[in-house]
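Here is the structure we will look at.
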Protein chains: 2
Amino acid sequence: MNGDNKRNPLTQRERHAQMRRRQLIDTALRLFAERGLEKTTIKAIAEAAGVAQGLIYHYFPSKEALFFAVLDEHGFLPQLREILGAPHDRPVREVLAEIAVRYYTLLREKEAFLTVVMREALVNPGVQARLERLTREAVALLVRYLAARIAAGELRPHHPEVVALMLLSSVFMLHIGGMPVERVYDLVDVVLEGIVGQRAETR
Amino acid sequence: MNGDNKRNPLTQRERHAQMRRRQLIDTALRLFAERGLEKTTIKAIAEAAGVAQGLIYHYFPSKEALFFAVLDEHGFLPQLREILGAPHDRPVREVLAEIAVRYYTLLREKEAFLTVVMREALVNPGVQARLERLTREAVALLVRYLAARIAAGELRPHHPEVVALMLLSSVFMLHIGGMPVERVYDLVDVVLEGIVGQRAETR
DNA sequence: CCTACCGATCGGTAGG
DNA sequence: CCTACCGATCGGTAGG
């Protein structure tokens, strides 16, 4: 959406603009988390950020677009891309555990905003669609990773989409259920090794 | 909540009262699902059920109490009790698969009501508390079952609370994600056997 | 009916 | 020249 098609070294002006964009997003996150989407006015965000109301519309075409930008930047996708994007030869257990811990931590830290998002998604179809898109993208990233590990013979063949959904949804519920972070390691254990004894029982 | 402490053979009057109670709950479920909690009036429920408004208050002290009764009777707990309560020597895989399929089916069938409950839980702390209580009870039932299977040597030692949460939350997300029922069998596979090859990799 | 307030848009300007 | 930023103003609306 922004003109990132230039050479790497940004001018001071461009860097400043990026920081300003980020500042507006962070300010919006705080106010949205405190008051909800509808009760947070563009005016209030502008005041809290110390800028004119018009400037927000220079960066974002609408309040909804700003809300979506907050979702994109403060959701789990950036971190997931960071974890899976970097070339790695780390053991699967380590990677899945890092994903689980960081997702859990994110949910803890952004709890108030998360509540707002969830509530909004149940009422606002546009928000729901955006949230589903983000979830599908996160699942797709994980699926690509798992499929590669299967192809490499590190994991036995399975349905990676189901496993991706299991990992993310279980961490989510661990958070909702108020269980401690350490439980994510038990979770990863189950995903990796299951709960039956040394040998499979029926099948 | 109702006087079930008597002898087994109910009088015809008592049986009729039970049916009436059930009818009111079912009518309420339908209207709540269609219009939401707030927009559904006791008057409308009474009319739809063909009874006087006062009769509803004979069975339920408040609209909220009626809503909770719907949650109790149409939630997953009754089915879970039925599955796990009966004495069984069925393989774990079969039991977990039945739980997963029936939970998934319930979510599909009660989708409209489910949306109302979720939205209400985010707004109404009382509903949220009730929902958490129901979830904890379902998890507790599953935990008891898994712990018994561990004690019997059928399952290797693990953290049953985490597994219970994984199973239920994953089925829930399978439904939300619009994935077909058959995926619950992949899910049960992963819970039972994990995704690593014949032998555990690190650990 | 009125008015307070909303999100959105405007033209103007200063500085990189 | 470009664009980040400003103050002022718009039309629409919900609630008194």
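The analysis underlying the following values was restricted to heavy atoms, covering all of them including side chains, and did not include hydrogens, waters or symmetry mates. So you know, we letter chains A, B, ... as the sequences are listed, proteins then strands, and number each from 1.
Ile42(A) comes within contact range of the sugar-phosphate backbone alone, with a heavy-atom separation under 4.0 Å but no base atom that close. Within 4.0 Å of Gln53(A), counting heavy atoms only, lies at least one base atom of the nucleic acid.
Regarding Glu47(A), its CD atom lies at a distance of 11 Å from the P atom of dG7(D), rounded to whole Å. The nearest whole Å value for the distance from the NE2 atom in His16(A) to the C1' atom in dA14(C) is 14 Å. Rounded to whole angstrom, the span from the OH atom of Tyr59(A) across to the P atom of dT9(C) amounts to 18 Å. Whole-Å rounding puts the Phe60(A) CZ to dA4(D) C1' distance at 13 Å. Distance Ile56(A) CD1 to dC6(C) P: 13 Å, rounded to the nearest Å. If you measure from atom CZ of Arg15(A) to atom P of dG16(C), you get 14 Å, rounded to the nearest angstrom. Rounded to whole angstrom, the span from the CZ atom of Arg21(A) across to the P atom of dT3(D) amounts to 16 Å. In this structure, Lys63(A) places its NZ atom 8 Å from C1' of dC6(C), rounding to the nearest Å.
Residue Lys43(A) is the one, among Lys43(A) and Arg13(A), whose nearest nucleotide of DNA chain C lies closer to the 5' end (criterion: closest heavy atom). Positionally, the nearest nucleotide of DNA chain D for His58(A) lies more toward the 5' end than for the other of His58(A) and Gly54(A).
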Strand DNA chain D as a dot-bracket string - pairs counted if Watson-Crick or G-U with both distances under 3.5 Å, | where the partner lies in another strand: ||||||||||||||||

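Of the possible donor and acceptor atoms, none in the side chain of Glu94(A) sits under 3.5 Å from a partner among the backbone N and O of Pro91(A).
The shortest non-hydrogen separation linking Arg102(A) to Phe76(A) is C-CE1, 3.9 Å. Closest heavy-atom contact between Leu106(A) and Gly75(A): CD2-C, 3.8 Å.
Enclosure of atom NE2 in His16(B) is not indicated, since only 12 or fewer non-hydrogen atoms of other residues, nucleotides or ligands lie within 6.0 angstrom. Atom CD of Gln23(B) sits in a crowded spot, with more than 12 heavy atoms from other residues, nucleotides or ligands closer than 6.0 Å.
Distances shown here put a side-chain N or O of Arg20(A) below 4.0 Å from the OP1 or OP2 atom of dC5(D). For Tyr57(A), a side-chain nitrogen or oxygen approaches OP1 or OP2 of dA8(C) to under 4.0 Å.
Taking the side chain as every heavy atom from C-beta outward, Val117(B) and Phe32(B) never approach each other to under 4.5 Å.
Using cut-offs of 30° and 60° on the angle between ring planes, the pair His175(A) and Tyr104(A) is perpendicular.
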